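Note that ligands are numbered from 1 as they come in the structure, with each ligand's atoms numbered from 1 the same way. Here the structure is a predicted model, which means the values were calculated and not measured.
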Amino acid sequence: MKSKILTATLSLTIGLSGFTYTTASAETLKDIQQKQAENHIEKSKKNKQVKEVQGEQDQLLKELDKLEASLKKTTGDIQTKKNEIAETKANIEQLQNEIAVLEKRIEERDALLKNRVRNMYENGGAVKYLDVLLGSQGFGDFLDRMISLNIIAEQDKTILEEHKRDKEDVEKKKQQVESQLASLNSKLSDLNSLNSQLKDNKAKKNKIMKSLRSEEQHLHDDIGKLVEKDALLADQEKAIKAEIARAKKEAAERARREAAEKAAAAKRAAQQKEAAERAAREKAKQPSRHSSPAPAPAPAPAPEPSYEAPSAARSFIFPSAGYVTSQLGSRWNKFHAGIDIAKAGYVPIHASASGTVARSYTSSTYGNVVFLSHYIDGQLYTTVYAHMRDRAVSTGQTVSQGQTLGHMGSTGHSTGQHLHFELHKGPWNVNKTNAVNPLPYIQ
Ligand SMILES: [Zn+2]
């Protein structure tokens, strides 16, 4: 009796499933294709932005090249000016030395002349002067002596004048060189300020370049994520199709088995009925010794109709041994889209239900992760097994409930060994909007 009810329920389930497969799967696949189209638009937008940013970078690089050339030139000019200044300074020093020598000579000559004149006209000198004159022998000698004294004084004077002229010349030259030095210094300061302007400009452009580079990096990251999303969507699409085919095949197999059981049961019932009738006939032939009537055969029990809706509740099993250390919900200001199960040691992880591997790969956040697509009673489910130590299944593979997918680990964004397990009613998406609490679904 119990088995007959079950048979009826199952036939009902298969009937319903056959109907819902097409509608639900069409919706799911349409949803995935919609997301793929959105991804495509987003990706071309990002690619366009990358081109723009790269164009800006090219322009900036050209400007930086020009700046670099200008900087090289001003740096060379500055060096030339510095050399010229050093030369001019050496020149000035030499002229200063010459001036000092001349000043010393002028001083000496001046002193000599003053001494001689003093000798000639001062009191003490006048005596000697007179002595010279008086010592002369006759007027001719006196005149000679007088003239020669004057000539000596004149000569001294002439030499002194020459020295003074020389000194004036050197001083004039020194002034010229000094004004040359001043002009060189002003040019050097102009060059230095130009150089620092160029350097400022270069620093600013380099800063812009840096921000453009980081913008480009972000865009590339975004595109990478979109490509990953695309791949995941494509894998999920393939897995869903394979999963539907698998579920249909299984349903057909079940239907065939049940039809055979039903036929066998009907055959058994017919045989029983025939045996009962034969027995009744045999009894009727024999003379009746007892008045009591023969007991009627028990009527075949009518199957009780079941209108219970097919439900995926308790279609899933715990994916691993261990304790649930974290529930689905808000955690550290973020939505925790699954449950965490922790256990020490080498802990195998099992497929929570039969399905198709949508993706088995290493993610930067999930670490070693397996995505399974399940088609149960016309509804698509996705389970996710993250942070695994290793993976034992590959993308596209069919798995049965309880099959080992890998082992518990702590890969990706994880702080200790545990399984992060997600259940999605529908396909997996980046915002995990289809995530549900898996616990009520587990047997
Ligand atoms: Zn978790």
Original post:
Do Q49 and E216 meet the criterion of a side-chain donor-acceptor pair at a distance under 3.5 Å?
Top reply: no
Original post:
Mind checking whether the Zn ion (ligand 1) has an N, O or S of H336 under 2.8 Å?
Top reply: yes
Subject >> Considering only N, O or S atoms of D340, the one closest to the Zn ion (ligand 1) >> reply: OD1
**OP:** Tell me whether the centres of the aromatic rings in H413 and Y366 are closer together than 6.0 Å.
**Re:** no
**OP:** Using side-chain contact (heavy atoms from CB on, under 4.5 Å) as the criterion, point out the one residue from H218, H220, E215 that pairs with V50.
**Re:** H220
**OP:** Assign the ring pair F316 / Y441 to parallel, tilted or perpendicular, where the plane angle (0 to 90°) is split at 30° and 60°.
**Re:** perpendicular
**OP:** Please find out if the Zn ion (ligand 1) and some N, O or S atom of H420 are separated by less than 2.8 Å.
**Re:** yes
